[in-house]
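To keep things clear, I will list the structure first and then write my remarks on it.
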Number of protein chains: 2
Amino acid sequence: MQGYDKYAFEPFAVTVDLAVFTIREGGLRVLLVERGEQPYAGRRALPGGFVQPDESAETAARRELAEETGLSDVAGLHLEQLRTYSEPDRDPRMRVVSVAFTALVPNAPDVYGGSDAARADWLPYTEHRPGYAPLAFDHDQVLADAHDRVGAKLEYTGLATAFCPPEFTLGELRQVYQAVWGAELDPANFRRKVLATPGLVEPVPGAARLTGGRGKPAALYRAGGATALHPPLLRPEGRS
Amino acid sequence: MQGYDKYAFEPFAVTVDLAVFTIREGGLRVLLVERGEQPYAGRRALPGGFVQPDESAETAARRELAEETGLSDVAGLHLEQLRTYSEPDRDPRMRVVSVAFTALVPNAPDVYGGSDAARADWLPYTEHRPGYAPLAFDHDQVLADAHDRVGAKLEYTGLATAFCPPEFTLGELRQVYQAVWGAELDPANFRRKVLATPGLVEPVPGAARLTGGRGKPAALYRAGGATALHPPLLRPEGRS
DNA sequence: TCTCTTTATAGTCGTCGAGACCATTAAAGA
DNA sequence: TCTTTAATGGTCTCGACGACTATAAAGAGA
């Protein structure tokens with residue numbers, strides 16, 4: 001780690017890859033692009049790009065997130081580093097080290113294909129997809145790791161609110177858990193646990209309620225300031 | 001992410017930094033080296049080094065771990081990627097992206113200073129050290145992140161056994177939790193919870209017991225195959 | 001040798017959280 | 001109006017956990 005010459009080493013390219021999730025129609029979706037060039041032309045891949053010389057990986061990831069989703073307000077979105085993938089042969093062209101991130105987007109708008117010419121879509125996430133074509137590079141692994149991380153963080157953090165708009169009902173919040181975990185939750189028990197957890201959510205003043213849907217109108221809540229949950233909100237069974 | 005020239009970008013140097021923990025005299029210790037060169041000459045730092053062109057970050061981390069600790073059997077040690085630090089100015093000399101790892105070592109031998117000329121020591125980890133000189137680079141942050149991760153993983157994985165020799169008593173295992181969490185645990189309740197968790201530990205056949213210490217001889221156990229704990233083994237209070 | 005200290009191990013008891021389940025309320029839709 | 005749907009409120013039981021007490025088996029010191 002001492003006295004080194006910046007050209008004495010094989011140059012590493014550093015990129016970011018993004019696993020961007022949203023909830024749509026009660027199901028978990030992930031943002032995937034279709035590659036236009038070799039290698040892996042025509043394959044689906046996670047959006048991503050190079051880290052520029054003057055930015056950190058986090059900055060690059062947020063820039064890419066804005067470019068790929070077309071969202072203007074990307075500052076408030078949840079973005080979290082997942083891990084770094086550095087196998088020497090993960091990109092056949094040259095040595096690429098990729099820092100993977102997970103992002104959570106509420107109310108995702110349709111995407112038109114971002115900065116690259118490649119198409120981009122919100123595709124349903126299905127954990128074990130037998131018939132699906134594998135993603136480019138090691139992105140199947142990255143995506144699986146990202147899903148594991150998000151599912152685990154729902155248990156002991158208030159992360160689920162990042163999938164919701166600023167004001168939401170407990171039913172919407174419950175759908176987040178159900179979509180990510182792929183499990184049914186009892187509405188009454190879920191409500192009791194969420195409200196018993198200090199700082200998870202707080203009611204919107206003025207007894208605001210959401211009408212227009214079916215059934216009894218639900219009360220509206222905002223995200224609370226809590227990041228760590230005590231006690232955790234455990235998922236039903238020993239799923240991965 | 002298409003058609004790029006390997007010299008069209010500022011070359012990034014990629015390094016690994018290691019936060020290596022062990023338990024000694026009932027307390028948590030961390031392996032720190034003393035830097036011999038600028039910048040930060042004389043400061044303590046986490047051990048680490050460059051990733052070579054033909055190795056992954058994980059491979060580089062394990063190689064550095066062997067070099068710095070002087071351990072011959074480094075294959076079975078717990079080594080886990082923490083996160084990647086990529087702020088553009090984190091190293092004043094050039095652009096360095098560092099992948100940080102956490103390693104757990106049982107029965108740590110003394111270290112003589114590794115491949116670098118710098119001295120290396122197992123220093124007590126004290127979470128809030130007011131009077132201590134800060135570490136080099138952003139290593140205070142890295143070390144704090146590593147400690148958080150290890151503490152959290154003790155709760156819901158069988159990680160604690162990685163701090164223990166192949167055969168250990170429940171008292172030794174309890175000391176691991178106490179050292180990392182900085183909290184006292186009731187021996188009887190700890191025993192009940194550990195034995196009630198399937199796959200955490202298994203008794204050594206032949207009713208082997210450890211004698212020679214004070215008190216009643218304790219039964220010996222081995223690490224079980226469980227990686228995830230159901231239910232988790234929660235720490236006493238809402239500590240960080 | 002006898003006693004004290006230390007640590008492991010066993011058991012008890014009260015509290016609390018969690019899941020299963022039922023009942024009621026209030027809206028939309030036919 | 002009647003049915004359907006979803007939110008909300010309540011009860012019950014079980015199991016986990018923390019606090020606590022008791023017993024067993026070794027070393028240390030008198």
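We name chains A, B, ... by the order of the sequence lines, and we start the count at 1 in each one.
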Exercise for the section: Between B:L234 and A:A188, just flag the one whose closest nucleotide in DNA chain D comes earlier from the 5' side. Expected result: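 Looking at the nearest nucleotide for each, A:A188 comes out on the 5' side.
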
Practice task
Specify the residue among A:L170 and A:G215 whose closest nucleotide of DNA chain D lies further upstream toward the 5′ end.
Solution key: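 Residue closer to the 5' terminus by nearest nucleotide: A:G215.
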
Exercise for the section: Mark yes or no for a side-chain to base donor-acceptor pair under 3.5 Å between B:R192 and D:dG18, with no hydrogen or angle criteria applied. Expected result: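 Such a pair is found, so the answer is yes.
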
Practice task
Mind running salt bridge (Lys or Arg N to Asp or Glu O under 4.0 Å) on B:R191 and B:D186 for me, showing each step along the way?
Solution key: CA-CA 9 Å; B:R191 173 191 182 78; B:D186 181 87; over 6 Å; no

Exercise for the section: Respond yes when some side-chain nitrogen or oxygen of A:R191 is under 4.0 Å from OP1 or OP2 of D:dG9, and no when none is. Expected result: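 Looking at the OP1 and OP2 atoms of D:dG9, one of them is under 4.0 Å from a side-chain N or O of A:R191.
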
Practice task
Give a yes/no on whether any side-chain N or O of B:K216 is located under 4.0 angstrom from OP1 or OP2 of D:dT23.
Solution key: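 For D:dT23, OP1/OP2 do not have a side-chain N/O of B:K216 under 4.0 Å.
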
Rounded to whole angstrom units, what separation is found between the [atom1] atom of [X] and the [atom2] atom of [N]?
| X | N | atom1 | atom2 | value |
| --- | --- | --- | --- | --- |
| B:L220 | C:dT9 | CG | C1' | 15 Å |
| B:Q178 | C:dT7 | CD | P | 11 Å |
| A:E184 | C:dA18 | CD | C1' | 18 Å |
| B:N189 | C:dT12 | CG | P | 15 Å |
| A:L195 | D:dG10 | CG | P | 12 Å |
| B:L185 | D:dA19 | CG | P | 10 Å |
| B:D186 | D:dA16 | CG | C1' | 15 Å |
| A:F190 | C:dA18 | CZ | P | 12 Å |

Exercise for the section: Specify whether A:Y177 and A:W181 have parallel, tilted or perpendicular ring planes, treating 30° as the upper limit for parallel and 60° as the lower limit for perpendicular. Expected result: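 Taking A:W181 first and then A:Y177, their aromatic rings stand perpendicular (interplane angle over 60°).
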
Exercise for the section: Identify, between A:P232 and B:P217, the residue whose nearest nucleotide on DNA chain C lies closer to the 5' end. Expected result: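 It is B:P217 whose nearest nucleotide is closer to the 5' end.
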
Problem - 5' precedence on DNA chain C between B:R214 and B:Y221 (nearest-nucleotide basis) - result: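 In this pair, the answer is B:R214.
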
Exercise for the section: Have a look at A:P187 and say if it touches a base, only the backbone sugar-phosphate, or nothing, with a 4.0 Å heavy-atom cut-off. Expected result: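 The residue A:P187 makes base contact.
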
Handout entry: Ring center gap for A:F168 and A:Y221 short of 6.0 angstrom
Key =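 No - the distance between ring centres of A:F168 and A:Y221 does not fall below the 6.0 Å cut-off.
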
Exercise for the section: Please confirm whether B:R192 makes a cation-pi placement over B:F190, using NZ or CZ under 6.0 Å from the six-membered ring centre and within 45° of the ring normal. Expected result: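 Output no; distance or angle outside limits.
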
Handout entry: A:E34/A:R43 ion pair, N-O < 4.0 Å
Key =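 No, A:E34 and A:R43 are not salt-bridged.
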
